[in-house]
Undergrad: 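Provided herewith is a single structure, encoded as C-alpha cells, for subsequent inquiry.
None of the values given here were measured: they were computed from a predicted structure. To find a chain, count down the sequence lines: A is the first, B the second, and so on, and within it residues start at 1.
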Amino acid sequence: MVTPILSQRAPACKEARPCKIGVSQRIQEHPMRTSQFFFNTLKEAPADAEVISQKMMLRAGYIKRAAAGIYTWMPLGLRVLRKVENIVREEMNRAGALELLMPAVQPAELWQESGRWEQYGPELLRFKDRHQREFVIGPTHEEVITDVVRRDVKSYRQLPIHLYQVQSKFRDEIRPRFGVMRGREFLMKDGYSFHSSFADLQREYGNMYNTYSRIFTRLGLKFRAVAADTGSIGGTGSHEFHVLADSGEDDIAYCPNSDYAANIELAEALAPNETRAPAAQAMSKVATPDQTACADVAAYLGIPLADIVKSIAVVSEKEGGSTSFALLLLRGDHDLNEIKAGKIAAIEPFRFATESEIEAHLGCKPGYIGPVAVDREKVAVIADRSVAAMSDFVCGANEAGFHLSGVNFGRDLPPPEVADIRNVVAGDPSPDGQGPLAILRGIEVGHIFQLRQKYAEALNCAYLDENGKSRIMEMGCYGIGVSRIVGAAIEQGNDDRGIILPPAIAPFEVCLVPMGYHKSEAVKEAADQLYADLKAAGIDVVLDDRNERPGVMFADMELIGIPHRVVIGERGLKEGQLEYKGRRDEEAVMIAQADIVGVLKGKLCAA
RNA sequence: CGGAGUGUAGCUCAGCCUGGUAGAGCACUGCGUUCGGGACGCAGGGGUCGCAGGUUCGAAUCCUGUCACUCCGACCA
C-alpha cells in the first residue's frame, strides 16, 4: 500500500491528557488515517531474519534493510523510535543533564590523542577525506566530549556538568545480526558528566542509576540493573541495564531473594563450603582411546562430569616480551570465565595456547593434557575454587589416549594456585548469602560507568580548583541503546499475530477499525467522530479507513503492535455500542459509545 | 580470519542435475463479485537469473574468477 503524505494539517491539538506519562511526546502530525499514511506489511519475513523482533519489524514495515546491520526506519517504526527517544530525553533533562549534538564524523587526531586509534580494531570505521585527512565515524564520543569540555570548562565553579546527545553511532561489527539489536549503525543516547571530585561523580552516578530505572519503567519494559564488568572502556563502578528476554545475548546471574544481580562475566563463584575430602583412591592411569572431551570421558568411564578436572592451556605474552604458559583447571561441568581469568596477574593478558605450544610444554596433544607431573617452573597451574575442593578426580595424563583417575592434590601433585575463574551456574550460592543464584538472559540496553580520569587524563581535561591548582576532572559516562530498545521491547512483547508494545512506545495507542467505512454512512460518521474525540482527548489514535476487508485490517493492526483496538460496526451502533479489544485480550467486550473515550483514557493512564 | 551455504520479480521460493522463448504464491494495476479475521475470478505491469570472463550454434543451467549476503566457528582440548 503506497499513499502520498498529503499536505493537510491536523487540527491544532492543545488539550493535554492529565496522565503521568506526560504530554511532551505528543506529536503534532497529519491526520492519522491509514489511507494517508505509508506502510506496508508482509506475510513472510525475509529469509535471513533471525530473531523474532527482526522478523516482526520487517514484516510490520517498521524498518527496511539497507545493508548488513544498517536499516532505514520507516515512518511507522520511526514513531516508535522517537517515542523511546523522547522518554529518554525527558528523563535526562529532568535529571539535570543538558542536551547537545556532537558530530558523527570525528577527526582521527582525537582518537590518536586518547590512544584508542591504536587500541580499537577494525570495529572502528576509518576513512579519509579528499585532503587525505583521517576520520572515523564515531562508535562513541568520549574523545569529542572531553575535547569540548577541556576547551570551555576552566574552573571548579563550572562543575559539575553533564552533557548528553542522541546520535547515530557506527561500529563495524564482525557479524551484525539480530536486526536493530546488533546493527552496525544504531541510535544511542550517550551522556558524559564531569566532576571536581570522585564523591561528586558517585553522586551523579547514583542519580543516573535512578534516572535509568525510571526510564525503563516508563518504557514499560521488564528490566534489571546488574553489576557489570567495566570492559574496554575502563573505569571503576559500572552497571548494565538489561531487558529480560530469552533471546538476549548476555547471561545475568541474580538472586531471586534479594537485589543481587550481576553479569555472568562478573558474578563471583564462591568457594565451596565443604573442605576437601581426604584421598580415598590410588592414582591410576586409565585408557580413554578416543575420549578427548570431558563429557565423553565421563560417559566412557561412567562417572559424573563433576568428577573430572579439565585443563585449559593458556599463554601470556607480557609487554616486555616474556611469555609464560599456564594450565587453568576447571571442574568438568564448569565453564571458564575469561574476564575473571584475565584479571589474574600471573597470566594477564592471556590467550589460548596453540596446539604446538601445548605439545612443547606438555609433550602431548590437546585432549589428554593435565596438571600432574608438569614442570611447575615452566607451567603455572591455576585451579578454580571448586577444583581446589575436589579429591579423587579424573584428569588428562599428558599422554595420548590416557587419563588419570583418583588424583589428589598434595599427594599426586603440588597444590595449585587457587582463584575464581569460572562462570557461576544456576544453583550456586549468591555472593550476598541470600540463597541460590538463578540465571536469565538479558539484552543490554543501558550501561553506566564511572570512567574516573582515564580520558580526562589522556586529553588533559583539567580545571582550576578553589586554590588555583590545576586538577584533572573525574568523568562518568552513561549510554542507552535507543534503537536496540525497540528490538528488545519487541523481543519481550510479541505473539503469533505480531508485535505487542507497551502503550508508551507503540506506534499508536489506539486504532479504530470501522466495518464498512466506505459503505455505511453511520459507521463513517461514528468513526470520524470518535477519531476526533480521541484526538481531542490527547490520545494517539489511528483510523484504519482503507477500503479493505476486515480481516486485513485486523491482521495489520495486530501485526504493527497497537495496544488498543476499537471496532465500529453497524450492528453495535444500533445499540449504541462499540467493540473494544486489548492487544493481549482473548475476547472483545462491548462498551457504550458514550463511555469509550473515558474507558480508553483510563486504560492508558493506568498503564 | 577459517569452514559451509545462498544469490532467479518488492517478499517467499521453484527451474539448474540432463543447456533450447524465465515460472508459481504473496504484493502491485484495472474490471467484476465479495465484505466481522490476511477473499475470488478475469485481464495486466514488473526480472540484462549478483557481476565478469570462458565453453557452446545456443547458458539461469556447465567451467573459472569475482562480489555480496547468510549460517557455523574463531574459548572451554
Undergrad: Could A:Arg422 and A:Asp428 be called an ion pair, given the rule that one side-chain N must be under 4.0 Å from one carboxylate O?
TA: yes
Undergrad: On a whole-Å scale, what distance lies between the P atoms belonging to B:C17 and B:U33?
TA: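 Approximately 48 Å lies between the P atom of B:C17 and that of B:U33.
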Undergrad: Validate the cation-pi geometry between A:Arg331 and A:Phe393: distance from NZ or CZ to the six-membered ring centre under 6.0 Å, angle to the ring axis within 45°.
TA: no
Undergrad: Can you tell me, in whole Å, how much space there is between the C1' of B:G45 and that of B:G10?
TA: 13 Å
Undergrad: Look through every strand shown and name the nucleotide pairing with B:G44 as Watson-Crick or G-U wobble, where both distances are under 3.5 Å.
TA: B:C28
Undergrad: For B:G19 versus B:C57, give the span between their P atoms, rounded off to a whole number of Å.
TA: 15 Å
Undergrad: Could you state the atom-to-atom distance from CE of A:Met557 to P of B:G36 in whole Å?
TA: 17 Å
Undergrad: Could you give the distance separating B:U34 and B:G38 at their C1' atoms, to the nearest angstrom?
TA: 15 Å
Undergrad: Would you say B:U70 has OP1 or OP2 under 4.0 Å from some side-chain N or O of A:Arg65?
TA: yes
Undergrad: Provide, to the nearest angstrom, the distance between the CD atom belonging to A:Glu123 and the P atom belonging to B:C1.
TA: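 About 16 Å, once rounded to whole Å.
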Undergrad: Taking the nucleotide of RNA chain B with the closest heavy atom to each, which residue, A:Tyr368 or A:Ile568, is nearer the 5' end?
TA: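 The residue mapped nearer the 5' terminus is A:Ile568.
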Undergrad: Taking only Lys NZ, Arg NE, NH1 and NH2, and the carboxylate oxygens of Asp or Glu, determine whether A:Arg33 and A:Asp528 approach each other closer than 4.0 Å.
TA: yes
Undergrad: Send over the distance from A:Lys64 NZ to B:A27 P, rounded to a whole Å.
TA: 15 Å
Undergrad: For A:Val567, report the nucleic acid contact type (base, sugar-phosphate, nothing); a contact means any heavy atom under 4.0 Å.
TA: base
Undergrad: Write down the distance separating the C1' atoms in B:A14 and B:A9, rounded off to the nearest Å.
TA: 13 Å
Undergrad: Indicate whether any N or O donor in one side chain lies under 3.5 Å from an N or O acceptor in the other, for A:Asp335 and A:Asn423.
TA: no
Undergrad: Could you work out the separation of B:G2 and B:U29 based on their C1' atoms and round it to a whole Å?
TA: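 Going atom to atom, C1' in each nucleotide, I get 49 Å.
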Undergrad: Can the positive tip of A:Arg126 be found less than 6.0 Å from the middle of the six-membered ring of A:Trp111, inside 45° of the ring normal?
TA: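 No, A:Arg126 does not sit over the ring of A:Trp111.
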Undergrad: Which nucleotide, B:G38, B:C76, B:G36, lies nearest any side-chain atom of A:Arg59?
TA: B:G38
Undergrad: Whether the side chain of A:Glu548 and the base of B:G38 hold a donor-acceptor pair under 3.5 Å is what I'd like checked.
TA: no
Undergrad: Expressed as a whole number of Å, how far does the C1' atom of B:A60 sit from that of B:C13?
TA: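 Pairwise C1' distance, B:A60 against B:C13, rounds to 15 Å.
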Undergrad: Less than 4.0 Å between a side-chain N and a carboxylate O, is that true for A:Arg376 and A:Glu417?
TA: no
Undergrad: Starting at CD1 of A:Ile369 and ending at P of B:C76, how long is that distance when rounded to a whole Å?
TA: 11 Å
Undergrad: Starting from C1' on B:G36, measure out to CG on A:Leu512 and report it in whole angstrom.
TA: 16 Å
Undergrad: If we take the P atom in both B:C42 and B:A59, what is their distance in whole Å?
TA: 36 Å
Undergrad: Check every strand shown and say whether A:Ile358 touches a base, only sugar-phosphate, or nothing at a heavy-atom separation below 4.0 Å.
TA: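 The residue A:Ile358 makes base contact.
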Undergrad: Can you tell me the distance, in whole Å, between the CZ atom of A:Arg549 and the C1' atom of B:G38?
TA: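 Roughly 9 Å, once rounded to whole Å.
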Undergrad: Go ahead and name the base partner of B:G2; Watson-Crick or wobble counts if both distances stay under 3.5 Å, otherwise write none.
TA: B:C72
Undergrad: Could you tell me the separation between the CG atom of A:Leu330 and the C1' atom of B:C76, rounded to a whole number of Å?
TA: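 To the nearest whole Å, that distance equals 7 Å.
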Undergrad: Could you pull out the protein-nucleic contacts involving nucleotides 5-11 of chain B (nitrogen or oxygen on both sides, under 3.5 Å)?
TA:
unit_1 : atom_1 : unit_2  : atom_2 : d
B:C11  : O2'    : A:Glu44 : O      : 3.2

Undergrad: Determine, stepwise, if the pair A:Glu558 / A:Arg565 fulfils salt bridge (Lys or Arg N to Asp or Glu O under 4.0 Å).
TA: CA-CA 9 Å; A:Glu558 280 164 346; A:Arg565 183 183 83 189; 3.5 Å; yes
Undergrad: Could you check which of B:G37, B:C75, B:G36 has an atom nearest any side-chain atom of A:Glu558?
TA: B:G37
Undergrad: Could you please name the option among B:G38, B:U70, B:C76 that lies closest to any side-chain atom of A:Ala555?
TA: B:G38
Undergrad: Scan every strand shown for a Watson-Crick or G-U wobble partner of B:A39, both distances under 3.5 Å, and answer none if you come up empty.
TA: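 The answer is B:U33, by the H-bond criterion.
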Undergrad: By nearest heavy atom, map A:Ala67 and A:Glu579 onto RNA chain B; which one lands nearer the 5' end?
TA: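 First, find each residue's nearest nucleotide; the 5'-ward one identifies A:Glu579.
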Undergrad: Whole angstrom is fine here: how far is it from CG in A:Asp495 over to C1' in B:G37?
TA: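 Rounded to the whole Å, the gap is 14 Å.
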Undergrad: Look at the side chain of A:Asp556 and decide which nucleotide, out of B:C76, B:G38, B:G36, has an atom nearest to it.
TA: B:G38
Undergrad: Looking at A:Glu185 and A:Arg171, is there a salt bridge between them, counting it only when a charged N and a carboxylate O are closer than 4.0 Å?
TA: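 A salt bridge is absent here (no side-chain N lies under 4.0 Å from a carboxylate O).
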Undergrad: Side chain of A:Phe554 only, heavy atoms from C-beta on: which candidate in B:C26, B:C76, B:G36 is closest?
TA: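 Of the candidates, B:G36 comes closest.
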Undergrad: Starting the side chain at C-beta, find the nucleotide from B:C76, B:C75, B:A39 nearest to A:Lys310.
TA: B:C76
Undergrad: Considering the options A:Asp545, A:Asn547, A:Asp544, which one meets the side chain to side chain donor-acceptor pair (under 3.5 Å) requirement together with A:Ser35?
TA: A:Asp545
Undergrad: Using purine N1 to pyrimidine N3 plus N6-O4 or O6-N4 for Watson-Crick, or N1-O2 and O6-N3 for G-U wobble, each under 3.5 Å, what pairs with B:C13?
TA: B:G23
Undergrad: In the strands shown, is B:G7 matched to any nucleotide by a Watson-Crick or G-U wobble pair with both distances under 3.5 Å, and which?
TA: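 Its partner is B:C67 (Watson-Crick or G-U wobble, both distances under 3.5 Å).
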Undergrad: Any cation-pi pair here, A:Lys169 with A:Phe186, using under 6.0 Å and within 45°?
TA: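 No, A:Lys169 and A:Phe186 do not form such a contact.
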